[in-house]
Enquirer: 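Questions regarding the structure given below will be posed in turn.
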Amino acid sequence: MDTMRERFAATVSRLLDDDPRLAVVLAEIGKDGFTDAARAHPDRVINVGIREQLLVGVGGGLALTGMRPILHTFASFLVERPFEQVKLDFGHQGVGGVLVSAAGSYDWPAGGYTHMAPGDVALLDTLDGWTVHVPGHPDEAETLLRDAAAAGDDSVYVRLSAHSNSAPRDIVPGRFLTVREGRGGVVIAVGPMLDSVLTAVEGLDVTVLYATTVRPFDGRTLRATAGAGAGAGAAVDVVLVEPYLAGTSTAAVNDALADRPHRVLGLGIPRRELRRYGTIDEHLAGQGLDPASLRERVSGFLR
C-alpha cells in the first residue's frame with residue numbers, strides 16, 4: 001500500500017493536468033514526488049526552497065490572481081512556523097487555498113520536536129472558516145484532496161500522516177460515518193485513530209463515529225446519533241479520540257449538544273513537551289492512544 005504522501009503527489013500531479021487553475025507550492029520537502037509534474041507544468045509547480053513564510057506568501061499571492069494554490073510541507077513548517085502569513089495572506093486577504101501537511105503529531109520521531117505539530121488543528125481553530133480534513137487511509141486522502149482542490153475559493157487544511165488504518169471507509173467529505181451502533185455512549189474516532197478505537201471498544205455497547213472532516217464539525221450527525229442511542233433528552237457520554245492535541249474538538253461537541261445534558265472526554269496528545277524519540281507505536285503507547293490504554297480510559301469514563 002502506498003502512503004498518504006505518495007498518494008498526495010500522484011493525485012495532485014494528475015489534477016494539475018486537468019485543471020489549469022491549480023498550482024503547487026513546495027518548500028523543498030516533497031519535491032521529488034513532483035518531478036514529472038514540474039517538467040510538464042514548470043509555471044505551476046514552484047519550489048521556494050527552505051522558506052516556509054515565503055511558501056505561504058507565494059500561495060496567497062497566487063490565490064489573489066485567481067489560482068487555486070496547493071501548499072505542502074511538514075505540519076510544523078506549514079501551520080506553526082508561518083502562522084502569521086496563513087492568518088494574513090489567506091484570511092485577511094479573503095482568499096483560499098489548500099494546505100497539505102505531513103509528519104502529523106510525531107510521524108518522524110527522530111526529527112525531534114521541531115518536526116512535530118500536535119497543536120496544528122487547534123491553532124487553525126483560531127482562524128475563521130477553515131475546513132480541516134484528517135484522512136485515515138491513502139484512499140480517503142485522495143477523496144479529500146480531490147474535494148479540496150475543487151472547493152472553489154475555500155481555505156482547506158488536509159492533515160496527512162504516516163499512521164494509517166488498515167482499510168479505507170466509504171467516507172463523504174464533511175460528514176461523520178457511523179461505523180457501529182450502541183447505547184452506552186458515543187466514541188468519535190478521528191482519522192488514523194479508528195483501528196485502535198475499534199479494537200479498544202470491542203464488546204462495549206457504544207456507537208463509534210468516524211471523522212475524517214473535523215471542521216466544520218458534523219454536529220448534526222452527533223446529535224442524531226446521541227438521540228438514537230440514549231433516547232431524547234437523556235444524558236449523553238461522548239469520547240473524542242484525536243491524533244493531535246487532546247480536547248481540540250471538545251468545544252465543538254459541547255456546542256452540538258448544548259441543549260442536552262452530556263459529558264465529554266477528550267483524548268489525544270497531552271500538552272506536555274515531547275522530549276523522546278522512539279517510534280510512532282511507542283509514542284501512541286506513551287500518550288495513552290494504543291488500544292489497551294484506550295480501552296481502560298474509555299471504559300473508565302463511560303457510565
Side-chain angles (χ1 to χ4, degrees), residues 1-27 29-38 40-41 44-47 55-56 58-59 62-63 67-75 77-79 86 90 95-104 107 117 120-121 124 129-165 167-177 190-192 194 210-216 218 243-244:
M1 183 177 74
D2 56 351
T3 66
M4 292 190 202
R5 288 187 73 195
E6 290 168 341
R7 185 69 63 88
F8 157 66
T11 298
V12 172
S13 293
R14 290 192 294 269
L15 290 174
L16 284 167
D17 295 335
D18 300 332
D19 189 346
R21 198 168 73 104
L22 295 180
V24 173
V25 189
L26 306 168
I29 291 171
K31 66 178 182 179
D32 291 346
F34 289 93
T35 300
D36 293 339
H41 309 286
R44 291 192 289 127
V45 179
I46 304 164
N47 180 14
L55 167 78
V56 177
V58 168
L62 289 168
M67 301 289 287
R68 181 69 168 159
I70 300 175
L71 285 56
H72 174 65
T73 185
F74 287 174
F77 305 150
L78 185 62
V79 176
V86 174
F90 283 94
V95 295
V98 184
L99 274 57
V100 182
S101 72
D107 281 12
D120 55 345
V121 176
L124 281 178
W130 280 82
T131 294
V132 178
H133 297 311
V134 188
H137 187 276
D139 289 3
E140 298 165 2
E142 179 170 350
T143 297
L144 296 168
L145 285 163
R146 289 183 177 277
D147 183 78
D153 296 319
D154 294 348
S155 293
V156 183
Y157 179 52
V158 184
R159 191 183 204 263
L160 305 182
S161 178
H163 183 204
S164 179
N165 298 315
R169 299 282 172 162
D170 188 17
I171 64 166
V172 175
R175 298 293 302 276
F176 294 171
L177 176 68
V190 176
L194 179 61
Y210 181 40
T212 52
T213 301
V214 294
R215 299 293 182 276
D218 187 10
Y244 36 79

Enquirer: Mind listing the closest non-hydrogen atom pair of Val79 and Asp120 along with its distance?
Expert: CG1-O, 3.8 Å
Enquirer: Determine, stepwise, if the pair His72 / Val24 fulfils side chain to side chain contact (heavy atoms under 4.5 Å, CB included).
Expert: CA-CA 8 Å; His72 174 65; Val24 173; 5.7 Å; no
Enquirer: Grab the two heavy atoms, one from Ser164 and one from Pro138, that are nearest each other, plus how far apart they are.
Expert: OG-CD, 3.6 Å
Enquirer: Verify the neighbour count for atom CZ of Arg146: are there more than 12 heavy atoms of other residues, nucleotides or ligands below 6.0 Å?
Expert: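 Correct, the count exceeds 12.
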Enquirer: Are any non-hydrogen side-chain atoms of Asp17 and His41 less than 4.5 angstrom apart?
Expert: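 They are in side-chain contact.
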Enquirer: Of the non-hydrogen atoms in Trp130 and Arg215, which two are nearest, and what is the gap between them?
Expert: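 What the structure gives for the nearest pair is O-CB, 3.5 Å.
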Enquirer: Determine whether a donor-acceptor pair (N or O, by modelled atom type, separation under 3.5 Å) exists between the side chain of Thr213 and the backbone of Gly174.
Expert: yes
Enquirer: To the nearest 0.5 Å, what is the distance between NE2 on His137 and CE on Met4?
Expert: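 So the NE2 of His137 and the CE of Met4 are separated by 8.0 Å.
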Enquirer: Within this structure, what is the CE-CG distance for the pair Met67 and Asp19, rounded to the nearest 0.5 Å?
Expert: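 Met67 atom CE to Asp19 atom CG measures 8.5 Å (nearest 0.5 Å).
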Enquirer: For the pair Arg44 (side chain) and Leu16 (backbone), establish whether a donor and an acceptor sit closer than 3.5 Å, ignoring hydrogens and angles.
Expert: yes
Enquirer: State whether the side chain of Asp154 and the backbone N or O of Val156 hold a donor-acceptor pair below 3.5 Å, judged by distance alone.
Expert: no
Enquirer: Show the nearest heavy-atom pair for residues Leu144 and Pro135, with the distance to one decimal.
Expert: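 Nearest pair, atom of Leu144 first, then Pro135: CD1-CB, 3.7 Å.
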Enquirer: First locate atom OG1 of Thr3, then atom CG of Leu160, and finally report the distance between them rounded to the nearest 0.5 Å.
Expert: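 Reported to 0.5 Å precision, the distance equals 8.5 Å.
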Enquirer: Do you know which two heavy atoms are closest between Leu78 and Val86, and how far apart they sit?
Expert: O-CG2, 3.8 Å
Enquirer: Determine whether a donor-acceptor pair (N or O, by modelled atom type, separation under 3.5 Å) exists between the side chain of Thr35 and the backbone of Asp32.
Expert: yes
Enquirer: Identify the two heavy atoms, one from Leu55 and one from Val25, that lie closest to each other, and give their separation to 0.1 Å.
Expert: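 So the two residues come closest at CD1-O, 3.2 Å.
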Enquirer: For Phe74 and Asp107, what are the C-alpha separation, side-chain angles and deciding distance, and is it a side chain to side chain contact (heavy atoms under 4.5 Å, CB included)?
Expert: CA-CA 10 Å; Phe74 287 174; Asp107 281 12; over 6 Å; no
Enquirer: Start with the C-alpha gap between Phe34 and Asn47, add the side-chain angles, then the distance that decides, and say whether side chain to side chain contact (heavy atoms under 4.5 Å, CB included) holds.
Expert: CA-CA 10 Å; Phe34 289 93; Asn47 180 14; over 6 Å; no
Enquirer: Please round to the nearest 0.5 Å and tell me the distance separating atom CG of Asn165 and atom CG of Asp139.
Expert: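 Asn165 atom CG to Asp139 atom CG measures 11.5 Å (nearest 0.5 Å).
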Enquirer: Hey, is CG on Asp18 packed in by over 12 heavy atoms from elsewhere, all under 6.0 Å?
Expert: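 Enclosed: over 12 neighbouring heavy atoms sit under 6.0 Å from CG of Asp18.
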Enquirer: Return yes if some donor-acceptor pair links the side-chain N/O of Arg68 with the main-chain N/O of Ala148 below 3.5 Å, else return no.
Expert: yes
